[in-house]
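The first residue of the sequence shown is numbered 1, and numbering continues consecutively from there.
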Amino acid sequence: MQKRVRVWNRTHRRRHGQDARGIWKMAVFVYRAMASGSPSSGTIAADTPRQARDLLRERGLVVTDLSDYRAGGKARVRRRRASRYQTTLFVRELATLLGVGVPLLEALGTLGEQYRGRMAGTIMLLRDRVAGGSSLAGAMREQADVFDDLAVSITAVGEDAGTLETSLERLAEFRERSQQFRGRIANALIYPAIVMTMAVVASLFLMTFVVPRILEPLIEQGQALPWPTRVVKGASDFVLAWWWGLGIAVLACVGALVAMFRSEGGRRWWDGVILRLPMLGDLVRKQAIVRIAVVLGTLLKSGIVFVRALQITQATTKNVVLKEALVRCERAVGAGGDIGDALRDTGAFPATVIQVFSIGQQSGRMEEMLDRLAAAYDQQVNSAAQRLTAVLEPVLIVMLALVVLFLVMATVLPILEAGNAIQ
């Protein structure tokens, strides 16, 4: 019986435009109509085409044409998810328009005409929801794939306090700052990854195509091969004979890694290993702390209480080990404990971070302390990323040179020995 009820609920939500969480998923429709004898056109958000026609009739319009905004030749482009850059730019421009005195509905209408693609449809949905009496935060909550919990919470606080433009400015500053240090570790590892990839590709090419053709005449003559040549020839023969097995092994490893990352235990183990690595672990931990400090500071400045700010920060923390530490900290603080002691008990944060939180709680200047912590650690992350790149580049170049030298020796030595034998 319960299973039948769950199936009916899913079917009912799908038919009425709701997703699995019960959040309304509206559509945007483009209409053409007649108003007092003159043509009119525009867009409207509704759950169904029939509801869109009813809403337009209530406005005194006679609908002549109605179509889905996402339909047409560019439907595939329009359905793409709005980029983080577009969302950040929208928040910044909305804060600017509100700051100069433009009403919210007019500001949303202006921005809706400025953007294209998925973001334009998102802004139209926001405008129609707000025009229908919903709050901006409530309208954002319905667009969960574009606006996260952080954006919704900061917007809600700004609307309640009457300082929406200020809250949106803080949200835009956070998103801009987040985009600056997002992927800093990945950027530092791009060059080493390219070098390693090229080394593997070049080695496979030499062992499978170049070396066998060069050594074939020497082997037919019965000449003894030096040990570097025997090693390379053995590896070459193995790759040529068992390439399908190597391919299956690579696919199996990739599948195992994907399964591990999708499981909670696997992610926890992997994140713990990353944090324990020399140099890289310290860099990952500090970058995560910068993000935590920025998120917490932004939320506290917006008037959100510390426990709720911790809950939102947990959702923005990618490292499972640090996220679980924040969960334990939230429970301890909710039970009446000190923030510094709660962080110390987790064992996941450096002593400097614990001291900053303790002093911030005692002095009542937590936001200022978090800004200083983020600035200091951000500078350390920059320096650490540069040091990591400076160390990895020469090491990888030397390794690549050794591999190439060994392959060259394995190829040239038997040729030289054959020439000496002929002389």
Could you state the interatomic distance from [atom1] ([X]) to [atom2] ([Y]), rounded to the nearest 0.5 Å?
{"X": "Ile248", "Y": "Trp242", "atom1": "CD1", "atom2": "CH2", "result": "10.5 Å"}
{"X": "Thr313", "Y": "Leu300", "atom1": "OG1", "atom2": "CG", "result": "8.0 Å"}
{"X": "Thr88", "Y": "Arg92", "atom1": "OG1", "atom2": "CZ", "result": "9.5 Å"}
{"X": "Gln380", "Y": "Asp282", "atom1": "CD", "atom2": "CG", "result": "8.0 Å"}
{"X": "Leu108", "Y": "Leu98", "atom1": "CG", "atom2": "CG", "result": "7.5 Å"}
{"X": "Leu171", "Y": "Glu176", "atom1": "CG", "atom2": "CD", "result": "9.5 Å"}

Is there a donor-acceptor contact under 3.5 Å from the side chain of [X] to the main chain of [Y]?
{"X": "Gln143", "Y": "Thr122", "value": "no"}
{"X": "Ser263", "Y": "Met260", "value": "yes"}
{"X": "Asp149", "Y": "Ile312", "value": "no"}

Can you pull out every side chain to side chain donor-acceptor pair (under 3.5 Å) where at least one residue sits in residues 334-346? Sequence neighbours excluded, please.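 Every side chain to side chain donor-acceptor pair (under 3.5 Å) pair that includes a residue of residues 334-346, provided the two are not neighbours, is Asp341-Arg344.
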Contact list for residues 154-173, test side chain to side chain donor-acceptor pair (under 3.5 Å), sequence neighbours left out: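 Checked against side chain to side chain donor-acceptor pair (under 3.5 Å) - neighbours excluded - no pair reaches residues 154-173.
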Does atom [atom1] of [X] have more than 12 heavy-atom neighbours from other groups under 6.0 Å away?
{"X": "Met399", "atom1": "CE", "value": "no"}
{"X": "Arg331", "atom1": "CZ", "value": "no"}
{"X": "Tyr85", "atom1": "OH", "value": "no"}

Could you tell me whether the side chain of [Y] reaches within less than 4.5 Å of the side chain of [X], counting heavy atoms only?
{"X": "Phe90", "Y": "Leu168", "value": "no"}
{"X": "Val130", "Y": "Leu105", "value": "yes"}
{"X": "Phe238", "Y": "Leu246", "value": "yes"}
{"X": "Pro350", "Y": "Lys286", "value": "no"}
{"X": "Leu136", "Y": "Leu94", "value": "yes"}
{"X": "Val102", "Y": "Thr110", "value": "no"}
{"X": "Leu299", "Y": "Phe306", "value": "no"}
{"X": "Met140", "Y": "Leu126", "value": "yes"}

Do you know which two heavy atoms are closest between [X] and [Y], and how far apart they sit?
{"X": "Gly112", "Y": "Met124", "result": "O-CE, 4.2 Å"}
{"X": "Ser153", "Y": "Arg308", "result": "OG-NH2, 3.8 Å"}
{"X": "Arg129", "Y": "Ala139", "result": "CB-CB, 3.7 Å"}
{"X": "Ala374", "Y": "Ala293", "result": "CB-CB, 4.0 Å"}
{"X": "Leu322", "Y": "Ala288", "result": "CD1-CB, 3.3 Å"}
{"X": "Val320", "Y": "Asp271", "result": "N-OD2, 2.8 Å"}

As a quick check of understanding, evaluate side-chain contact (heavy atoms from CB on, under 4.5 Å) for Ser363 and Glu368, giving each step before the final call. CA-CA 10 Å; Ser363 63; Glu368 179 184 350; over 6 Å; no
Show, in sequence, the C-alpha distance, side-chain angles and deciding distance for Asp148 and Arg175, and conclude whether the side-chain contact (heavy atoms from CB on, under 4.5 Å) test is met. CA-CA 11 Å; Asp148 55 13; Arg175 294 183 67 92; 4.3 Å; yes
Given the rule in the side-chain contact (heavy atoms from CB on, under 4.5 Å) test, do Met366 and Phe357 qualify, once you have shown the distances and angles that lead to the verdict? CA-CA 7 Å; Met366 181 67 75; Phe357 274 90; 3.9 Å; yes
With sequence neighbours excluded, what pairs up with [X] under the side chain to side chain donor-acceptor pair (under 3.5 Å) test?
{"X": "Gln314", "answer": "Glu330"}
{"X": "Lys301", "answer": "Asp371"}
{"X": "Arg267", "answer": "none"}

Residue list, side chain to side chain contact (heavy atoms under 4.5 Å, CB included) with Gln355, at least two apart or on another chain: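 With neighbours one apart ignored, the set is Ile359.
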Applying side-chain contact (heavy atoms from CB on, under 4.5 Å) to Glu324 and Arg328, what does each step give before you reach the verdict? CA-CA 6 Å; Glu324 292 179 348; Arg328 295 195 297 271; 4.0 Å; yes
